[in-house]
Amino acid sequence: LWAKYWVGTVPLLILALVGCGVFNSREGDRKEAFDNFVKYLRYQLYPAAGSYFTPDLRQEFLDRMEQVKGLNITDVRLVRVDVREDGGRVDARLEMDYYLLPSVTVKTLRIDQVWRYREDPLEGRGFFITTPFPAFP
């Protein structure tokens with residue numbers, strides 16, 4: 001009786017563990033990507049932050065950040081994260097506090113992003129931003 005039970009249960013158990021491993025791996029990748037992107041943006045390390053954009057959006061982000069003269073970022077925070085499609089898509093909202101010299105008035109830029117999990121032979125695997133970076137008001 002026990003042998004019949006284990007024969008039917010073991011494949012399901014293995015499938016569940018493998019599925020959880022994939023999800024947990026993506027969750028770890030997502031957390032690392034978000035943490036790094038926020039850190040790189042906060043410290044104005046734009047090439048590093050730009051590496052989280054898909055290749056078609058990367059140069060646009062770098063150009064936009066280069067064109068903004070006198071930018072001082074005081075804080076970047078993750079406000080909301082909605083995980084969708086079995087962890088393969090994430091809708092996120094960030095807020096970035098900044099000021100543009102010569103003004104010292106701190107403003108807040110709302111950044112809505114869509115991140116998607118990709119496995120690309122050239123870019124590697126991980127989460128990439130698939131929406132353009134917003135313009136500064």
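Residues R30 and V83 have side chains in contact (heavy-atom distance under 4.5 Å, counting atoms from C-beta outward). Taking 4.5 Å as the limit, every side-chain heavy atom of V114 sits out of range of all side-chain heavy atoms of I129. Taking 4.5 Å as the limit, some side-chain heavy atom of L41 sits within range of a side-chain heavy atom of M96.
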Quiz: residues 59-68 side-chain donor-acceptor pairs under 3.5 angstrom, not counting sequence neighbours:
{"residue": "Q59", "atom": "NE2", "partner": "D63", "partner atom": "OD1", "Å": "2.8"}
{"residue": "R64", "atom": "NH1", "partner": "F133", "partner atom": "O", "Å": "2.1"}

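By the 6.0 Å and 45° rule, R58 does not stack over the aromatic ring of F53.
For E95, the salt bridge (Lys or Arg N to Asp or Glu O under 4.0 Å) test picks out R77, with sequence neighbours left out. In terms of the salt bridge (Lys or Arg N to Asp or Glu O under 4.0 Å) criterion, K39 has no residue partners (sequence neighbours excluded). Under the salt bridge (Lys or Arg N to Asp or Glu O under 4.0 Å) criterion, D35 pairs with K31, not counting sequence neighbours. Taking D112 as the reference, R93, R110 meet the salt bridge (Lys or Arg N to Asp or Glu O under 4.0 Å) condition, with sequence neighbours excluded. By the ring-ring contact (aromatic ring centres under 6.0 Å, His included) test, Y99 is found to be paired with no residue, residues two or more places apart in sequence or in another chain being considered.
Hydrophobic clustering places I73 together with Y40 (ILVMFWY residues linked when any side-chain heavy atoms are closer than 4.5 Å, directly or through intermediates).
Side-chain contact check for Y52 and N36: at least one donor-acceptor pair (N or O, by modelled atom type) lies under 3.5 Å. For D97 and T74, the side-chain atoms include no donor-acceptor pair closer than 3.5 Å.
Each of F37, F34, Y117, W115 was evaluated against F127; a single residue qualifies, Y117, per the ring pair (Phe, Tyr, Trp, His ring centres under 6.0 Å) test.
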